[in-house]
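Inspection log for the structure reproduced underneath, given as structure tokens.
Numbering starts at 1 and runs along the sequence shown.
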Amino acid sequence: MGTFTGTFEPSPSARFAVVAARFNQIVVDALVRGALDGLRRHGVAEDAVDVVWVPGSLEIPLIAKKLAESTNYTGVICLGAVIRGETSHYEHVAGQAASGIMQAG
């Protein structure tokens, strides 16, 4: 049986997009900083990453799909924060955003 092991070193031509929701931005800002730090730690140049801000988590899938279809990016990272409250809003938004991101993938 063969074993395949990937590396964390992207090719020199690798480009990444980060799609981030502005809604709940106080949380999402920390997620974006963490993602950028992780990419940098693995050798991705700062100018090889584009951050695209969208109004909220429901808009993430559409933009992620468009960025992926552009073939300009090796990977697209999706970041949003949906905070659970006393209504069913959380289930609807989080569920639809996650489903849309899965379809975009």
Side-chain angles (χ1 to χ4, degrees):
M1 170 167 61
T3 301
F4 301 92
T5 304
T7 68
F8 290 115
E9 297 176 20
S11 72
S13 63
R15 292 194 55 75
F16 295 88
V18 176
V19 183
R22 286 193 311 259
F23 201 85
N24 292 320
Q25 192 164 357
I26 193 164
V27 175
V28 179
D29 279 343
L31 297 173
V32 170
R33 284 192 308 272
L36 296 176
D37 180 58
L39 290 167
R40 187 172 38 256
R41 287 177 188 230
H42 292 291
V44 177
E46 189 173 320
D47 63 349
V49 181
D50 294 326
V51 179
V52 180
W53 290 94
V54 297
S57 292
L58 284 176
E59 290 78 21
I60 291 172
L62 175 64
I63 301 307
K65 182 178 181 188
K66 290 190 176 296
L67 292 169
E69 288 175 342
S70 76
T71 69
N72 293 330
Y73 299 99
T74 303
V76 178
I77 300 167
C78 300
L79 301 172
V82 183
I83 298 174
R84 186 182 305 267
E86 294 182 17
T87 67
S88 62
H89 178 260
Y90 169 84
E91 285 83 8
H92 294 295
V93 174
Q96 290 300 314
S99 176
I101 292 167
M102 290 287 293
Q103 289 177 357

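When all heavy atoms of Pro61 and Gly100 are compared, the closest pair comes out as CB-C, 3.4 Å. Taking both residues in full, the closest heavy atoms of Ser57 and Ala97 are given as O-CB, 3.6 Å, listed atom of the first, atom of the second, then distance. Between Ala21 and Ile60 the shortest heavy-atom distance is CB-CD1, 4.1 Å. Contact detail for Thr74 and Ala14: the closest heavy-atom pair is OG1-CA, 3.3 Å.
The same ILVMFWY cluster, assembled from side-chain heavy atoms under 4.5 Å apart, contains both Val82 and Leu58. Linking Ile, Leu, Val, Met, Phe, Trp and Tyr residues whenever their side-chain heavy atoms come within less than 4.5 Å places Ile63 and Ile101 in a single cluster. Placement of Leu79 and Val51 within a single hydrophobic cluster is found when ILVMFWY residues are connected by side-chain heavy-atom separations under 4.5 Å, directly or transitively. Connection of Val18 to Val44 is established within a shared hydrophobic cluster, with ILVMFWY side chains joined at heavy-atom distances below 4.5 Å, either directly or through further cluster members. When hydrophobic clusters are built by joining Ile, Leu, Val, Met, Phe, Trp and Tyr residues whose side-chain heavy atoms come closer than 4.5 Å, directly or via intermediates, Phe16 is not grouped with Val76.
Screening residues 95-105 for side-chain hydrogen bond (donor to acceptor under 3.5 Å, both in side chains), with sequence neighbours left out, gives no hits. Pairs engaging residues 44-88 under the ring-ring contact (aromatic ring centres under 6.0 Å, His included) rule: none recorded [sequence neighbours left out]. Residue pairs that meet the side-chain hydrogen bond (donor to acceptor under 3.5 Å, both in side chains) test with at least one member in residues 58-69, sequence neighbours left out, do not exist here. Annotation: ring-ring contact (aromatic ring centres under 6.0 Å, His included) contacts involving residues 18-52, sequence neighbours excluded, comprise Phe8-His42.
Under the side-chain hydrogen bond (donor to acceptor under 3.5 Å, both in side chains) criterion, Asn24 pairs with no residue, sequence neighbours left out. By the side chain to side chain contact (heavy atoms under 4.5 Å, CB included) test, Ala45 pairs with Asp47, Ala48, sequence neighbours left out. Residues that satisfy the side-chain hydrogen bond (donor to acceptor under 3.5 Å, both in side chains) test with Arg15, not counting sequence neighbours, are Asp50. With sequence neighbours left out, Ser13 forms a side-chain hydrogen bond (donor to acceptor under 3.5 Å, both in side chains) with Ser11.
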Side-chain donor-acceptor pairs under 3.5 Å in residues 25-39, sequence neighbours left out?
from, atom 1, to, atom 2, distance (Å)
Gln25, NE2, Asp29, OD1, 3.4
Asp37, OD1, Arg41, NE, 3.4
Asp37, OD2, Arg41, NE, 2.7
Asp37, OD2, Arg41, NH2, 3.2

